Colleague: 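Pasting a structure below so you can have a look.
Since the model is a prediction, treat every value here as computed from it, not as a measurement. When reading the values below, keep in mind they use all heavy atoms of this one structure, side chains included, and skip hydrogens, waters and symmetry mates.
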Amino acid sequence: MSSSNTFQYALSSNNAWAGYKAHQNPQFFPKLAGGQSPEILWIGCSDSRCPETTILGMQPGDVFVHRNIANIVSPTDINTTAVIEYAVVHLGVKHIVLCGHSGCGGAAGALSDARIGGVLDTWLLPLKTVRFNHAEELDAITDEKERVVRIAQLNVEEGIKVLMNNATVREAIAERGLEVHGVFFDIGCGRIRELGCGTAHKFPAGDHVVRGKHGQLVFGQDGEAEIAAAQ
């Protein structure tokens, strides 16, 4: 399929999707146009295989999103900081989810000694720093895919530290119980799991539910995230 045909297919698919949603629920789009009140801020990677709403089983309006190469959270990145401030202060999200993933190209690039070129070398510097700070652990992993997974997980842990020291986030945690979660998406099986970092390393007894308008993300005691249909 040519690039032109791909775009035309996308437009046709959108038309079919919009028609289906409107037929399924005539008030869906009018209600959506009235405003947003997401409970989750999702910070993830730009990788095309990690579409947050799809993998969470949620709908437009349920998740406020910021994505960049290798889901890097840098305290000096005004783009990320602006998204966090808007989501926390103005939208009043209840959860911030920072998600890394398997097979991350940015993580693989940070493990390489070769230059990628252009602005990417500068952008990946925080991830290169993660590699330097955890060199002994990473060098001990002989399987390249496992090394990429591990540095991607460590990158989430470092990003969580930045989030937890963000003044806006800290105030929301103290004043209204904002929760911050570090998670990892395994592309090979489609599942998300907790990495044990954030505002709570362990959930209380029973399942912890983040309920959206059309579905719910359930974090079980084992840290596994499951999708359940909304009641």
Colleague: Does the side chain of Phe184 come within less than 4.5 Å of Ser102's, by heavy atoms?
Modeller: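 Counting from C-beta outward, Ser102 and Phe184 do come under 4.5 Å.
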
Colleague: If every non-hydrogen atom of Pro51 is compared with every non-hydrogen atom of Arg67, which pair is closest and at what distance?
Modeller: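 Pro51 and Arg67 have their closest heavy atoms at CA-NH1, 3.8 Å.
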
Colleague: For the residue pair Ile151 and Ala107, what are the closest heavy atoms and their distance?
Modeller: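 Shortest heavy-atom contact: CG2-CB, 3.6 Å.
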
Colleague: For a 4.5 angstrom cut-off between non-hydrogen side-chain atoms, does Thr199 reach Leu178?
Modeller: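 No - every pair of side-chain heavy atoms lies 4.5 Å or more apart.
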
Colleague: Check for me, please, whether Met164 and Leu195 land in the same ILVMFWY cluster - side-chain distances under 4.5 Å, paths through other members count.
Modeller: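 Same hydrophobic cluster.
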
Colleague: Linking I/L/V/M/F/W/Y whenever any side-chain heavy atoms sit under 4.5 Å apart, do Ile160 and Ile72 land together?
Modeller: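 In one cluster with Ile160: Ile72, no.
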
Colleague: So, Lys31 side chain and Pro26 main chain: donor-acceptor pair closer than 3.5 Å or not?
Modeller: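 No; judged by distance alone, with no hydrogens or angles, the pair does not exist.
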
Colleague: Tell me the closest heavy-atom pair linking Ile96 and Ile43, and the distance in Å.
Modeller: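 That closest heavy-atom pairing would be CG2-CD1, 4.2 Å.
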
Colleague: Taking atom OG1 of Thr122 and atom NZ of Lys128, what is their separation to the nearest 0.5 Å?
Modeller: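 Result: 11.5 Å between the selected atoms.
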
Colleague: Is it true that, when you exclude Gln24 itself, more than 12 heavy atoms of the residues, nucleotides or ligands shown sit nearer than 6.0 Å to its CD?
Modeller: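 For Gln24, atom CD is crowded (more than 12 foreign heavy atoms under 6.0 Å).
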
Colleague: Would a 4.5 Å heavy-atom cut-off, applied to side chains only, mark Pro38 and Val63 as touching?
Modeller: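 Side chain of Pro38 against side chain of Val63, heavy atoms only: no contact under 4.5 Å found.
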
Colleague: Taking C-beta and beyond as the side chain, do Leu111 and Val148 meet within less than 4.5 Å on heavy atoms?
Modeller: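 A side-chain contact exists here, since the closest heavy-atom pair is under 4.5 Å.
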
Colleague: Over 60° means perpendicular and under 30° means parallel, so classify the ring planes of Trp17 and Phe29, tilted if in between.
Modeller: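 It falls in the perpendicular class, over 60°.
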
Colleague: Under the side chain to side chain contact (heavy atoms under 4.5 Å, CB included) test against Ile173, which residue among Val180, Thr168, Asn166 passes?
Modeller: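 The option that passes is Val180.
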
Colleague: Of all the heavy-atom pairs spanning Ser46 and Ile69, show the shortest one and how long it is.
Modeller: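 So the two residues come closest at OG-N, 3.6 Å.
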
Colleague: Are Glu158 and Asn133 close enough, and set up right, to give a side chain to side chain contact (heavy atoms under 4.5 Å, CB included), and what steps lead you there?
Modeller: CA-CA 11 Å; Glu158 291 301 316; Asn133 290 338; 5.6 Å; no

Colleague: If you group Ile, Leu, Val, Met, Phe, Trp and Tyr by side-chain heavy-atom gaps below 4.5 Å, do Val65 and Val93 land in one group?
Modeller: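 As far as the 4.5 Å side-chain criterion goes, Val93 and Val65 are not connected within one cluster.
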
Colleague: Got Ile192 and Leu56 here, is their nearest side-chain heavy-atom distance under 4.5 Å?
Modeller: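 Touching, per the 4.5 Å side-chain cut-off.
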
Colleague: Looking at CG of Leu125 and CG of Leu120, how far apart are the two atoms once the value is rounded to the nearest 0.5 Å?
Modeller: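 Separation between the atoms: 12.5 Å.
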
Colleague: Salt bridge check, Arg49 against Asp47: does any charged N sit closer than 4.0 Å to a carboxylate O?
Modeller: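 Yes, this pair counts.
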
Colleague: Sorted by first residue and then second, give each salt bridge (Lys or Arg N to Asp or Glu O under 4.0 Å) pair with at least one member in residues 76-94; sequence neighbours left out.
Modeller: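 Output for this query lists Glu39-Lys94.
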
Colleague: Quick one: does Gln59's side chain get under 4.5 Å of Leu32's, heavy atoms only?
Modeller: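 No - every pair of side-chain heavy atoms lies 4.5 Å or more apart.
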
Colleague: Just wondering, are more than 12 heavy atoms of other shown residues or ligands nearer than 6.0 Å to NE2 in His90?
Modeller: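 Above 12, so yes.
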
Colleague: If I take atom OG from residue Ser37 and atom CG from residue Leu91, how far apart are they, to the nearest 0.5 angstrom?
Modeller: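 Spacing of OG (Ser37) from CG (Leu91) equals 8.5 Å.
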
Colleague: Quick check: closest heavy atoms across Gly100 and Val156, and the distance to 0.1 Å?
Modeller: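 Scanning both residues completely, I find the closest heavy atoms to be N-CG2, 3.4 Å.
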
Colleague: Which distance, rounded to the nearest 0.5 Å, do you find between the SG of Cys104 and the CD1 of Ile187?
Modeller: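 Between Cys104 SG and Ile187 CD1, I get 8.5 Å after rounding to 0.5 Å.
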
Colleague: With the side chain counted from C-beta on, respond yes when Arg147 and Val149 share a heavy-atom pair under 4.5 Å apart, and no when they do not.
Modeller: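 When only atoms from C-beta onward are counted, Val149 and Arg147 do not touch, as no gap falls below 4.5 Å.
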
Colleague: What's the spacing between His66 NE2 and Leu98 CG if we round to 0.5 Å?
Modeller: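 Between atom NE2 of His66 and atom CG of Leu98 there are 10.0 Å.
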
Colleague: Would you say Leu11 has more than 12 foreign heavy atoms packed within less than 6.0 Å of its CG?
Modeller: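 Above 12, so yes.
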
Colleague: Same hydrophobic cluster for Leu163 and Leu41, using side-chain heavy-atom links shorter than 4.5 Å among ILVMFWY?
Modeller: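 Leu163 and Leu41: one cluster.
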
Colleague: Atom CD of Gln153 and atom NE2 of His134: how far apart are they, to the nearest 0.5 Å?
Modeller: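 It is 11.5 Å, given to the nearest 0.5 Å.
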
Colleague: Looking at His101 and Ala152, what are the two nearest heavy atoms and their distance?
Modeller: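 Result for this residue pair: O-CB, 3.8 Å.
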
Colleague: Examine Ile55 and Val97 and state if one hydrophobic cluster contains both, with Ile, Leu, Val, Met, Phe, Trp and Tyr joined whenever side-chain heavy atoms are less than 4.5 Å apart.
Modeller: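 The answer is yes; both residues are in one hydrophobic cluster.
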
Colleague: Side-chain contact test, heavy atoms from C-beta onward, threshold under 4.5 Å: evaluate it for Glu137 versus Leu154 and give yes or no.
Modeller: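 Yes, at least one pair of side-chain atoms sits under 4.5 Å.
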
